[in-house]
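A note on names: the letters A, B, ... follow the listed sequences, proteins ahead of strands, and every chain is numbered from 1. What you see is a predicted model, and the numbers here were worked out from it, not measured in a lab. These values consider heavy atoms only, across backbone and side chains, with no hydrogens, waters or symmetry-generated copies.
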Amino acid sequence: MAKKEKTTEENLVIVESPAKAKTIEKFLGKGFMVKSSFGHIRDLAKKDFGIDLNHNYQPQYIVSEDKKEVVRELKSLAKNADTVWLASDEDREGEAIAWHLSEVLELSQEKTRRIVFHEITKEAILSAIESPRAIDDNLVNAQQARRVLDRLVGFELSPVLWKKVKPSLSAGRVQSVAVRLLVEREREIFDFNAESAFRVSAIFTIDEGGKKSDFKAELNHRFKTLEEAKAFLNSCAGADFKVNSVVKKPSTKTPAAPFTTSTLQQEAARKLGFSVGQTMSVAQKLYEAGKITYMRTDSVNLAKSAVSAVASAITSEFGEKYVKVRQYRTKSKGAQEAHEAIRPTYPDNPSVSGSAQEQKLYDLIYKRTMASQMSDALIEKTTVNIGVGPEKHQFVATGEVVKFDGFLKVYIESSDQEEDEESATFLPAMKENDALTLKKLESRQRFSQKPPRYSEASLVRKLEELGIGRPSTYAPTISTIQQRGYVVKEDRPGTPRAYQFLWLEGEAVKHEERSEMANAERNKLFPTDIAMVVNDFLVSYFPNVVSYDFTARVEQEFDEIALGNLGWQKAIDEFYKPFHQQVEETLEKSDRTTGERVLGIDPKTGKPISVRIGRFGPMAQLGSSDDEEKPRYAPLTREQHLETITLEEAVKLFDLPRDLGTYEDKKVVVGVGRFGPYVRHDGKFASLKKGVDDPMTIDLDRAIELIEEKRERDNKKYIKSFEEDKDLQVLNGRWGPYISYKKKNYKIPKDTEAADLSYDDCLKLIAEGDKTKKTKKGKTSKTSGTKKTTKSASAGKKKGSSTSKTTKKAK
DNA sequence: CAGTGAGCGAGCTTCCGCTTGACTT
């Protein structure tokens with residue numbers, strides 16, 4: 001620290017991200033020191049909204065706990081610099097960061113320059129330095145309006161939910177709409193009735209001068225009933241088949257735009273199976289290593305220098321005719337385009353070192369970027385119509401031939417739709433009136449598809465489409481709504497469904513019933529009952545705030561503020577006055593809402609059965625609380641919903657716990673507890689497998705299997721213990737081996753074989769662990785309250801590692 | 001950790017966007 005102060009740099013440049021700072025420092029060279037603010041440095045205080053409602057919404061900003069150190073350092077560096085260059089992003093948030101910096105660092109106007117660039121290239125930086133400007137107060141005000149609005153909505157609505165639904169719930173401009181999308185889709189699925197029809201498919205053979213080729217064709221009509229399908233198959237037996245027409249049509253395919261945050265998240269989910277959070281953290285690694293450009297962006301634009309580098313990479317690899325330089329336009333609402341699209345920093349690097357995940361994601365980004373500057377693919381589509389004797393329906397065969405592959409050479413975008421089993425392929429040459437032989441003919445009953453549930457990535461796409469949320473918040477929003485208990489992400493195995501199958505064997509039509517798994521879901525988002533109750537409450541009392549276009553409407557206002565046409569406080573006032581009124585009225589008028597439904601009378605006891613949300617989630621109640629006898633309660637299973645459960649299903653919930661029999665002379669009982677369905681045996685519990693086992697139907701054999709599996713796991717969990725002290729154990733946990741001692745857990749260094757640890761080794765590790773825990777605690781208690789332990793502890797640790805010499809001296 | 005759900009009351013919860021580590025049993 002002392003050394004830095006001596007060699008005063010004349011210029012201090014402040015950007016948002018440390019990785020960016022490193023790169024830019026290289027471009028600028030001597031006389032420039034480049035530092036980062038690590039994003040926003042101040043935020044509204046939590047107390048009293050951080051907004052003075054009696055004084056024109058005056059915001060109260062405070063430096064966040066984890067930014068104090070950064071601010072201290074920047075302040076001292078700014079003091080010693082001749083010129084401070086505020087180089088945060090050129091969007092609303094970036095402008096606000098520049099303004100907060102100038103306020104907190106007490107920068108004088110003469111000394112301060114605001115510069116912006118949209119790409120991290122030497123030319124862009126140097127030209128930015130050439131044309132500095134002042135901070136745009138209007139843009140800053142637009143950000144203040146955005147911030148204050150979000151705080152007011154979030155901190156007024158959430159407490160209404162605590163009183164009317166359940167404590168600790170949350171509501172907000174973004175998350176509540178995300179939840180609404182899921183709830184409404186789930187209800188569409190509830191209401192969906194699958195219809196079925198019979199598709200007919202055939203395999204024909206054509207004789208091309210002795211060479212026989214087979215190809216597939218499908219009838220251009222679907223039959224409503226089994227009888228109609230049967231009749232048609234019958235009429236095909238022994239019929240003549242001939243080609244009625246052959247139509248060839250050229251078409252082109254164009255590549256997709258380079259990646260933005262949202263499209264990267266979607267493609268990484270589809271092609272690599274990454275969650276949106278995973279994608280972001282792997283991308284962060286690549287970005288920090290200088291391998292890709294910034295990963296939180298809404299822009300599809302590529303730097304000019306990148307486009308030419310990509311073009312020359314394509315030329316050298318595939319030849320000039322594969323190059324087509326293209327400029328893409330951002331389609332998404334509210335895009336602020338402060339950065340480039342996500343692309344390889346060096347487009348001539350087809351691969352990188354790093355973890356398998358990093359390599360895969362880089363490969364995806366590399367190929368997508370390349371493809372975006374490549375030629376269209378030229379396709380020839382062929383449609384062949386085939387007549388069946390005198391029948392009016394025709395068979396249709398479609399073929400696709402790639403005449404020129406273009407961008408398809410490197411990249412094909414995936415889609416969420418499950419592919420039709422037979423996608424178009426190559427067809428043999430045919431002409432009108434060619435005779436065909438029928439090789440195979442079958443018809444199967446197909447059911448219409450219910451509306452698809454959202455995955456993390458498809459929800460992000462929908463939010464982006466509605467202009468809700470930002471690239472930096474997509475992943476956190478998804479995890480917030482899961483943490484609040486509004487959403488669970490899981491697999492559902494589906495249920496077996498019978499379908500009818502017909503085929504032609506010789507001249508005879510055969511028929512059998514077959515079975516398929518229907519409605520299976522993998523890694524999808526399911527709204528909970530809490531989500532449904534909360535959503536209905538918000539929709540009925542605050543329809544304006546949770547409407548799909550609320551964000552779009554306020555964004556228009558923010559734009560007006562940014563243009564200087566509207567005062568931010570006036571805009572907020574116009575929203576807040578009626579909104580606050582709404583809140584007050586709702587608190588007064590609305591009843592507590594529990595989603596209660598009375599299902600009917602239990603045939604066994606004659607008592608009423610109802611369902612509602614209780615303290616611990618959705619449950620069923622048998623009997624009324626006015627009765628002398630206390631009511632019985634039972635939690636709903638994960639697949640059941642308050643609004644769809646039937647009396648019969650609810651009655652069965654009270655059959656639990658169920659006696660399954662005995663195993664090793666001890667009772668085996670199945671029930672549903674706090675952590676879901678379980679099997680109990682000999683005082684031990686084993687959880688039922690989610691989506692596989694059903695507590696209502698599970699049998700003894702399966703229960704024993706679960707008990708044995710649990711035993712196996714428990715055995716593996718235990719590594720060793722010591723005669724000297726029974727409290728000390730070496731165990732296997734989720735993150736590998738650890739030491740457990742007197743209800744506390746301790747880390748084992750990575751290079752140590754856990755099984756080889758001696759008693760003394762363990763004691764040493766425990767002593768070390770206690771030491772670090774104590775020092776952390778010391779620093780925490782100084783700063784603030786209980787809940788912030790993790791945050792301030794990390795701030796404390798950072799301090800320790802970056803300036804370790806000084807801390808040692810201090811001790 | 002495992003069949004909870006009374007009623008009272010204190011004290012707490014909560015938003016969105018911009019950043020990165022630290023660290024989990």
* Asked: What does T473(A) touch in the nucleic acid at a heavy-atom separation under 4.0 angstrom: a base, only the sugar-phosphate, or nothing?
  -> base

* What is the distance from CD of E90(A) to P of dC18(B), rounded to the nearest Å? -> 14 Å

* 4.5 Å side-chain heavy-atom contact, Y61(A) and H40(A) -> no

* Return the value, rounded to whole Å, for the distance between atom CZ of R632(A) and atom P of dT4(B). => 10 Å

* Asked: Looking across every strand, which nucleic acid part, if any, lies under 4.0 Å from V153(A) by heavy atom: base, sugar-phosphate, or nothing?
  -> nothing

* Side chain of P167(A) only, please: which of dT4(B), dT13(B), dT19(B) is the nearest? => dT13(B)

* Just call it for R470(A): base, sugar-phosphate, or nothing, with non-hydrogen atoms closer than 4.0 Å on any strand. => sugar-phosphate

* Structure fact -> Of the candidates dG17(B), dC15(B), dT20(B), the side chain of S158(A) sits closest to dC15(B)

* Side-chain heavy-atom pair L161(A), F537(A) within 4.5 angstrom cut-off -> yes

* Note, Q278(A) side chain near Q357(A) side chain (heavy atom, < 4.5 Å) -> yes

* To do: Could you work out which one of dG17(B), dC15(B), dT13(B) sits closest to the side chain of S472(A)?
  => dG17(B)

* Asked: What about S168(A): does its side chain form a donor-acceptor pair under 3.5 Å with the base of dT13(B)?
  -> yes

* Using a 4.0 Å heavy-atom cut-off across all strands, classify L169(A) as base, sugar-phosphate, or nothing. => sugar-phosphate

* Six-ring centre of F550(A), R173(A) cation under 6.0 angstrom, axis tolerance 45° -> no

* To do: May I ask you to evaluate whether R147(A) reaches the phosphate of dC18(B), defined as a side-chain N or O under 4.0 Å from OP1 or OP2?
  => no

* Out of dC18(B), dT4(B), dT14(B), which nucleotide sits closest to the side chain of Y294(A)? -> dC18(B)

* Structure fact -> Picking from dG5(B), dT14(B), dT19(B), the nucleotide nearest the side-chain atoms of S170(A) would be dT14(B)

* Nearest-Å distance for atom pair NE2/P, residues H40(A) and dT19(B) -> 9 Å

* Asked: Side chains of E464(A) and T260(A): closer than 4.5 Å at any heavy-atom pair?
  -> yes

* **Minimum-distance nucleotide to R484(A) side chain [options: dA2(B), dC15(B), dC18(B)]** => dC15(B)

* Nearest whole angstrom, please: distance from the P of dT19(B) to the CD of E73(A). => 19 Å

* Out of dT13(B), dC16(B), dC15(B), which has the shortest distance to the side chain of R146(A)? -> dC16(B)

* Asked: Quick one: are the ring centres of Y633(A) and F616(A) less than 6.0 Å apart?
  -> no

* Ignoring backbone atoms, test whether R296(A) places a side-chain nitrogen or oxygen under 4.0 Å from the OP1 or OP2 oxygen of dT20(B). => yes

* State which of dT4(B), dT20(B), dC16(B) makes the closest approach to the side chain of M295(A). => dT20(B)

* To do: Counting heavy atoms from C-beta on, name the nucleotide in dT19(B), dC15(B), dA6(B) closest to the side chain of P18(A).
  => dT19(B)

* Could you check whether E156(A) gets within reach of a base, just the sugar-phosphate, or nothing at all, counting any heavy atom under 4.0 Å? => nothing

* Presence of Q621(A) side-chain N/O under 4.0 Å of dG5(B) phosphate oxygens OP1/OP2 -> no

* Asked: Within the stacking criterion (centroid distance below 5.5 Å, interplanar angle below 30°), does F685(A) stack on dC1(B)?
  -> no

* Asked: Which is true for A96(A) with a 4.0 Å heavy-atom rule: it touches a base, it touches only sugar-phosphate, or it touches nothing?
  -> nothing

* Asked: With a distance cut-off below 6.0 Å to the six-membered ring centre and an angular limit of 45° from the axis, does R151(A) pair with F155(A) as a cation-pi contact?
  -> yes

* Using a 4.0 Å heavy-atom cut-off across all strands, classify G683(A) as base, sugar-phosphate, or nothing. => nothing

* Counting any heavy atom closer than 4.0 Å, what does G94(A) reach on the DNA or RNA strands: base, sugar-phosphate only, or nothing? -> nothing

* Whole-Å distance between dT19(B) P and I97(A) CD1? -> 7 Å

* Structure fact -> Sorted by position of nearest nucleotide on DNA chain B, 5' first, the leading residue of I41(A) and A171(A) is A171(A)

* Would you indicate what G614(A) reaches in the nucleic acid, counting non-hydrogen atoms under 4.0 angstrom: base, sugar-phosphate, or nothing? => base

* **Aromatic ring of Y633(A) stacked on base six-ring of dT4(B), 5.5 Å, 30°** => no

* Asked: Does a donor on one side chain sit under 3.5 Å from an acceptor on the other, for S170(A) and Q175(A)?
  -> yes

* Structure fact -> Atom CG of D150(A) and atom C1' of dT14(B) are separated, to the nearest Å, by 13 Å

* Verify the contact: side-chain N or O of Q284(A) to OP1 or OP2 of dT20(B), cut-off strictly under 4.0 Å; return yes or no. => yes

* Structure fact -> E93(A) CD to dG17(B) P, in whole Å, measures 7 Å

* Asked: Looking at the side chain of S687(A), which of dA2(B), dC18(B), dT20(B) is the nearest nucleotide?
  -> dA2(B)

* Report the distance from atom CZ of F575(A) to atom C1' of dC16(B), rounded to the nearest whole Å. => 14 Å

